[in-house]
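Since the model is a prediction, treat every value here as computed from it, not as a measurement.
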Amino acid sequence: MMMFILSLLFLIFMSYILSFWMFSYIFSLLMLMLMIKIDFSGMFNISYFLGFDLLSYTLICLSIWICMLMLIASKGIYMNKFYTKLFMLNIMILLLSLVLTFSSLNLFNFYLFFEISLVPIFILILGWGSQPERMGAGFYLLFYTLMVSLPVMIVLFYLNMKLDSLEFYFLKEYKSNLLMYICMNMVFFVKIPMFVIHLWLPKAHVEAPISGSMILAGVMLKLGGYGLFRVMKLFIDFGMKINNFIIIISLIGGIFISMICLRQSDMKLLIAYSSISHMGMILAGILTLNLWGFWGGLALMLAHGLSSSGLFCLANILYERTHSRSLFLNKGFMNLLPNLSLWWFLLCSSSMSAPPSFNLLGEILLINSLVYYSKFMMVCLFFLVFYSAVYSLFLYSFSQHGKICSSMFSFKMGESREFLLLFLHWVPLNFLFLKSELLIWI
């Protein structure tokens, strides 16, 4: 593990020497190195204060994979020579902070790197975002998280005093109250994000460059779920009393957000809101505190990271050609780019959990978990799954069918780089179910 971290540190210093495409190639080698090293026995690989089980391992792999795809997607930055070296350095620091977050064995170290990972994504939005409102979006992202971060630090000091340790091994069920529960978990609810405190996400997605949208949807939202997986053992007794309210808010909020998706004309906003709907289901599954909920939460987190990132890539491919994200202007692409239309269909169908996608496995596990928790959840889940299919079909049909907009003057066909990018999203998303013992990390 320490060798892996040291190789990432070495790459930070090499970011000013290596070329843009060599950097993405090295990311794929890092991924290969990590996959060869692991044994699926579920044991921790200990190295001082770092290590990982299957939960950490899957999310570290997802982080490296998405960072590699971010570089492939960011051709515009490379072609325009828009602070390319600084961009590579920023991605490298972001990846290092994410790997350290997911591999920390101490709750305080996890909290520290959790907060550090905010800074590179903030710089990414402010430095490479194209819209003038990116300042507001960046500060929304920063202050939504920072406002609820201070109470977490106070609770951590209190727990350290009471339990004499913040190691994940030694955390045990503690006699907690409502204030402690809210102070500890609110930062994860904001990060997932839970309905009501989700407003930073659509803003951040719309103003971020394609690389920012990919890492936000692919990995940053998963930090909240990972944190809940780790700290919920502190609230097993109290959580059974209070989690019910959070589950209801998440599921009903997911239905409202799905309806909002149906009236969006901005492709990026539609995909961003669909992320909130999916993550609401994951949050509800985790808070049931049963085994199926935890397994389903991890499955859907991995699946959503790949499918949502892929949809953002598709939206960006159209944006690079039409210079608009509006569904009213991006129409009739089945006539112009029929091969790209296939990828729209494959990723939209994966997003709505059509077989054999990994989303389907995650949703089946979560539906079982929530129905076992309460049979009344069936009503919410019916609408949630139904509307998920509706807005995915809405996005596909509106962008691919209809008349071509007459304002399009010049146009280029799909590049091999773009097809490789979409292929590397779709293949793991639809073949991961063959390796579904990844989920059995408990």
Main-chain N/O of W426 paired with N430 side-chain donor or acceptor, under 3.5 Å: yes
Stepwise side-chain contact (heavy atoms from CB on, under 4.5 Å) test for L89 and I93: CA-CA 6 Å; L89 178 67; I93 293 169; 4.0 Å; yes
Euclidean distance, L8 CG relative to I64 CD1, rounded to 0.5 Å: 6.5 Å
Heavy-atom donor-acceptor pair, T145 side chain to L141 backbone, under 3.5 Å: yes
side-chain contact (heavy atoms from CB on, under 4.5 Å) assessment of N109 paired with L50: CA-CA 10 Å; N109 291 336; L50 298 172; over 6 Å; no
Euclidean distance, I26 CD1 relative to L29 CG, rounded to 0.5 Å: 7.0 Å
Verdict with reasoning, M220 to I66, per side-chain contact (heavy atoms from CB on, under 4.5 Å): CA-CA 11 Å; M220 299 301 280; I66 294 293; over 6 Å; no
side-chain contact (heavy atoms from CB on, under 4.5 Å) assessment of S63 paired with K222: CA-CA 10 Å; S63 304; K222 314 305 176 274; over 6 Å; no
Validation row: Y144, L201 side chains within 4.5 angstrom (heavy atoms): no
Heavy-atom pair with the smallest gap, counting every atom of L62 and G218: CD2-O, 3.2 Å
Side-chain donor-acceptor contact under 3.5 Å, N359 with E363: no
F168 six-ring centre to R230 NZ/CZ under 6.0 Å and within 45° of normal: yes
Short side-chain donor-acceptor distance under 3.5 Å, S309 and H425: yes
Closest heavy-atom pair and its distance - L118, I121: O-CG2, 3.0 Å
Plane angle bin for F195 and H198 - parallel if under 30°, tilted between 30 and 60°, otherwise perpendicular: parallel
Parallel, tilted or perpendicular, as decided by the 30° and 60° cut-offs, for the rings of F229 and W441: perpendicular
Approximate separation, where rounding is to 0.5 Å, of N330 CG and L314 CG: 11.5 Å
Side chains of T101 and L59 in contact at under 4.5 Å (non-hydrogen atoms): no
Side-chain touch L11/L30, heavy atoms, less than 4.5 angstrom: yes
Minimum heavy-atom distance L34-C61, with the two atoms named: CD2-SG, 3.7 Å
Plane angle bin for Y391 and H278 - parallel if under 30°, tilted between 30 and 60°, otherwise perpendicular: perpendicular
Ring centres under 6.0 angstrom apart (F27, W65): no
Heavy-atom donor-acceptor pair, N290 side chain to G293 backbone, under 3.5 Å: yes
F328 and F398 aromatic ring geometry - parallel, tilted or perpendicular at 30°/60° bounds: perpendicular
S213 side chain to K268 side chain, donor-acceptor N/O pair below 3.5 angstrom: yes
Heavy-atom donor-acceptor pair, N80 side chain to F82 backbone, under 3.5 Å: no
Euclidean distance, S369 OG relative to W295 CH2, rounded to 0.5 Å: 11.5 Å
Partner of H304 by side chain to side chain donor-acceptor pair (under 3.5 Å), out of S277, S275, S274: S275
Residue F256 excluded, over 12 heavy atoms near CZ under 6.0 Å: no
Lys/Arg-Asp/Glu bridge criterion (N-O < 4.0 Å) met for K75, E418: no
L439 side, atom CG; L365 side, atom CG - distance, nearest 0.5 Å: 6.5 Å
Y226 and S56 side chains, donor-acceptor separation under 3.5 Å: yes
Main-chain N/O of L395 paired with S399 side-chain donor or acceptor, under 3.5 Å: yes
Shortest non-hydrogen separation from S324 to L329 and the atoms involved: OG-CD1, 3.4 Å
Steps toward ring pair (Phe, Tyr, Trp, His ring centres under 6.0 Å) verdict (F333, W344): CA-CA 10 Å; F333 274 96; W344 270 103; 8.5 Å; no
Side-chain heavy atoms of V196 within contact of F189, under 4.5 Å: no
F143 side chain near F139 side chain, heavy-atom distance below 4.5 Å: yes
Heavy atoms of other groups near W200 CH2, more than 12 under 6.0 Å: yes
Atom CZ of F419 with >12 non-hydrogen neighbours under 6.0 angstrom: yes
Proximity of F358 and F431 rings by center, below 6.0 Å: no
Distance, nearest 0.5 Å, that separates CG of L337 from CD1 of I317: 9.0 Å
Taking every non-hydrogen atom, the tightest pair across Y78 and T84: CA-OG1, 4.2 Å
Which atom of L422 lies closest to which atom of C313, heavy atoms considered: CD2-CB, 4.2 Å
K85 to F23 six-membered ring, cation-pi geometry met (6.0 Å, 45°): no
Donor-acceptor under 3.5 Å (N368 side chain, I364 main chain): yes
Ring centroid separation F113 to F102 under 6.0 Å: no
Non-hydrogen side-chain atoms of F110 and L105 separated by less than 4.5 Å: no
Validation row: M33, S7 side chains within 4.5 angstrom (heavy atoms): yes
S351 side-chain N/O to C348 backbone N/O, donor-acceptor pair under 3.5 Å: no
Over 12 foreign heavy atoms within 6.0 Å of OH, Y396: yes
Polar side-chain atom of S436 near backbone of F433 as donor-acceptor pair, under 3.5 Å: yes
Side-chain donor/acceptor of R417 to backbone N/O of I72, under 3.5 Å: yes
Expected output: side-chain R325 to main-chain M267 donor-acceptor under 3.5 Å: no
Heavy atoms from other residues, nucleotides or ligands near CE of M79 exceed 12 (cutoff 6.0 Å): no
K81 atom NZ, neighbour heavy-atom count above 12 within 6.0 Å: no
